[in-house]
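Convention: sequence-line order gives letters A, B, ...; per-chain numbering from 1. When reading the values below, keep in mind they use all heavy atoms of this one structure, side chains included, and skip hydrogens, waters and symmetry mates.
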Number of protein chains: 2
Amino acid sequence: MTMSNPGGRRKPPTIHDVAREAGVSRGTVSRVLNGGHYVSPAAQEAVDAAIRRTGYVVNRHARSLITGRSDSVGFLLTEPQERFFEDPNFNVLLRGCTQALAAHDVPLLLMLAGTEDERRRITRYITAGHVDGVLLVSSHSGDPVAEELREAGVPLVACGKPIGLGSKVSYVAADDRDGARDMVRHLLSLGRRRIGVVTGPLDTPGGVERLAGYKEVLTEAGIAVDERLVVSGDYSRASGEAGAERLLARAPEMDAVFVASDLMAQGVLSALHRAGRRVPDDIAVGGFDDSPAATAATPALTTIRQPWDRISSEMVRVLLAQIGGEDPAAVILPTELVRRESA
Amino acid sequence: MTMSNPGGRRKPPTIHDVAREAGVSRGTVSRVLNGGHYVSPAAQEAVDAAIRRTGYVVNRHARSLITGRSDSVGFLLTEPQERFFEDPNFNVLLRGCTQALAAHDVPLLLMLAGTEDERRRITRYITAGHVDGVLLVSSHSGDPVAEELREAGVPLVACGKPIGLGSKVSYVAADDRDGARDMVRHLLSLGRRRIGVVTGPLDTPGGVERLAGYKEVLTEAGIAVDERLVVSGDYSRASGEAGAERLLARAPEMDAVFVASDLMAQGVLSALHRAGRRVPDDIAVGGFDDSPAATAATPALTTIRQPWDRISSEMVRVLLAQIGGEDPAAVILPTELVRRESA
DNA sequence: TTCTCTACTGTGAACGCTCACAGAAGCATG
DNA sequence: CATGCTTCTGTGAGCGTTCACAGTAGAGAA
């Protein structure tokens, strides 16, 4: 008549309970749990049934204590959080990574290193081995946290090519340069010749590479790069607006503009609209990212799709491989031109 | 001359090392780590110094194994992920919760229950005690996952009042009804009398409450609620656009519209612009959320600010309290009218 | 038969921590 | 002087796993 556990959570079954239920030893249950090598079919089946009956779930803490692995990874965002959290790409990346990890039964810990204090805490947490590896989002160059983790030998995969770090850190990135080339070639194929560019921050690889692609294609086409047609932004909407205004002031004859992010391209569209330029008739606009902003814009943006789903799944694949002992790797993924109305 | 640990991570110091270093026992170190009661100042200091010297960080797995707590919480997103991940509010909430938890040294595990399979895995994971509690984002009514967790006695705090669940689940929400009342009163004070509304989904508390606030104020002002002026959307931009078109078709004389989210309000502005209506001269537009979309819109949106930073910190506070043994609680936070250009 | 090899199983010891308990020392109270 | 109370400290046990090792049984070879 007494309640065994009034109002609380029941104590979950242990591997011991399963062993008793199945009539085998703890060792055998453990072997079944970890791949099932060297277990007889009969034992295998008995254990499986016992697990199902008891509703057993492995206690990861006990496992981690002995293996030294945590079987979890961190998703680390350093530096300007505002920029990222406003960026729809970040969402897609975070979701993709979470899901890819879930498929491997690996939990994701979200870590935001904003203040100096948080950086220290997080660095300690990671180097203490509370996560097995880190997915790093920090396009910024020479990140001190990343450097410290790399030195501590923590498996690390960056999103986008890290500038500051040595070659020993893995990364997965879209082919920014090639994407930019595609877009500029497309603008040329439309007959445009006075093509401006609003770049991303030039301390990020994406900013640098996309600008490089732009210059390459122009040069190949025999068009001299005119520095009046080059301005840089910070991927924000506002900076796109400001960039477009500067371009119009400096080169009113411009007939196309390549913008290094969709968010900035939205700003560019606003500025052009205010200036009375019709898009794409007077001036063609090409974006980059294929984020929700691209379809929300009026007119809908012609843009370069970054394969975020593949980027996230590759980041996870590379990280898990590296945790498993493989060497760091770099993965570059192709982009795709998406034609809509703006160019 | 032999490398003790070629190319790998060094084995971190244990509580034992610290005890030896400080010249005390494990027990004393443990006491210092957990609040420092019943420790002499001398021991306290010796241990602190030893911790600093050795760079000791507690092994959470070992601790969790014995305490039965995991000292981590889950951030669970069920149902339509697209909607949330596109929603800037989600970002702010996620960030706020992560930071509030970090201040308590509690890691956040991100859990996305999209497919039926993922729901099962996550439910098992949580009920197995791998997290101490759950921050729930699922405005949808009668969520089966939430129901299961509640029954299992897992501490739970929802964001927004859950419709389906019993009264035993905690939640933190903005005062949707009062916010809606403020906005509609504001529109009335502008002299508008034919006020339309684009509601949120009516299976969510936000959707229901904001509509209720709208109706209350109109009734109080002696204006009969005209159902032709009421359409509902799903918080997406596109549904706002469609909603506005329907309203214009049904009630062309409309001189204001209250839109239950900024994202939808953006859509409404597009539709009004296309229809040649000037905002706010011909028609005033009021949004809800004060998301980045509000300032990005042209004209900038007058809207209702939801106190997301407070919502997230309150969610964390209530959850930790509940994990600590306190009873479930409901917290309703006030909203604020933000005047910009659209109304 | 005897030995070896393979396939499988059980057993203790650890992993690093917390908790309960026992005990010591200091001080006031009877 | 015994007794109690408070404050502090050390010790052993045990949390639920995995891992190394020892051991068993059966098959095949010598």
Item to complete: Select base, sugar-phosphate, or nothing to describe what B:Arg26 touches, counting heavy atoms under 4.0 Å on all strands.
Response: base
Worksheet item: In terms of ring plane angle, is the pair A:His61 and B:His61 parallel, tilted or perpendicular, where the classes change at 30° and 60°?
Response: tilted
Practice prompt. For A:Ile66 and C:dC17, give me the distance from atom CD1 to atom C1', rounded to whole Å.
Written response: 14 Å
Worksheet item: Looking at DNA chain C, which of residues 13-25 of chain A put a heavy atom within less than 4.0 Å of it?
Response: A:Val24, A:Ser25
Worksheet item: Would you say a side-chain N or O of B:Ser40 is under 4.0 Å from OP1 or OP2 of D:dT7?
Response: no
Worksheet item: In whole angstrom, what separates A:Arg69's CZ from C:dG16's C1'?
Response: 17 Å
Worksheet item: Does B:Asn34 have a side-chain nitrogen or oxygen under 4.0 Å from the phosphate oxygens OP1 or OP2 of C:dT18?
Response: yes
Discussion item. Just by distance, no angles: are the side chains of A:Asp17 and A:Thr54 close enough, under 3.5 Å, to form a donor-acceptor pair?
Written reply: no
Worksheet item: With a 4.5 Å heavy-atom cut-off, do B:Thr28 and B:Gln44 have their side chains touching?
Response: no
Fill in: Side-chain donor or acceptor of A:Ser170 paired with backbone N/O of A:Ala329 under 3.5 Å
yes
Worksheet item: Hey, is the side chain of B:Tyr56 poking within less than 4.0 Å of OP1 or OP2 on C:dC17, counting only N and O atoms?
Response: yes
Discussion item. In this structure, how many angstroms lie between the P atom of C:dC17 and the CD1 atom of B:Ile51, rounded?
Written reply: 10 Å
Discussion item. Whole angstroms only, please: what is the CG-C1' distance between B:Leu33 and C:dC17?
Written reply: 10 Å
Practice prompt. Could you check how far NE2 of B:His61 sits from P of C:dG16, rounded to whole Å?
Written response: 12 Å
Worksheet item: Just checking B:Arg31: base, sugar-phosphate only, or nothing, at a heavy-atom cut-off of under 4.0 Å?
Response: base
Discussion item. As an exercise, state the distance from OG of A:Ser64 to CZ of A:Arg69, rounded to the nearest 0.5 Å.
Written reply: 7.5 Å
Worksheet item: Counting only side-chain N and O atoms of A:Ser30, is one of them less than 4.0 Å from OP1 or OP2 of D:dT18?
Response: yes
Discussion item. If I take atom OH in residue B:Tyr38 and atom P in nucleotide D:dC5, what distance separates them, rounded to the nearest angstrom?
Written reply: 13 Å
Practice prompt. Could you please name the option among C:dA7, D:dC15, D:dT18 that lies closest to any side-chain atom of B:Leu65?
Written response: D:dC15
Worksheet item: Could you state the CG-P distance from B:Asn59 to D:dC15, rounded to the nearest angstrom?
Response: 18 Å
Discussion item. Using the rule side chain to side chain contact (heavy atoms under 4.5 Å, CB included), only one of B:Val145, B:Leu109, B:Leu112 pairs with B:Leu76; which is it?
Written reply: B:Val145
Discussion item. I want to check something: taking the side chain as every heavy atom from C-beta on, are B:Val131 and B:Met111 in contact at a cut-off of under 4.5 Å?
Written reply: yes
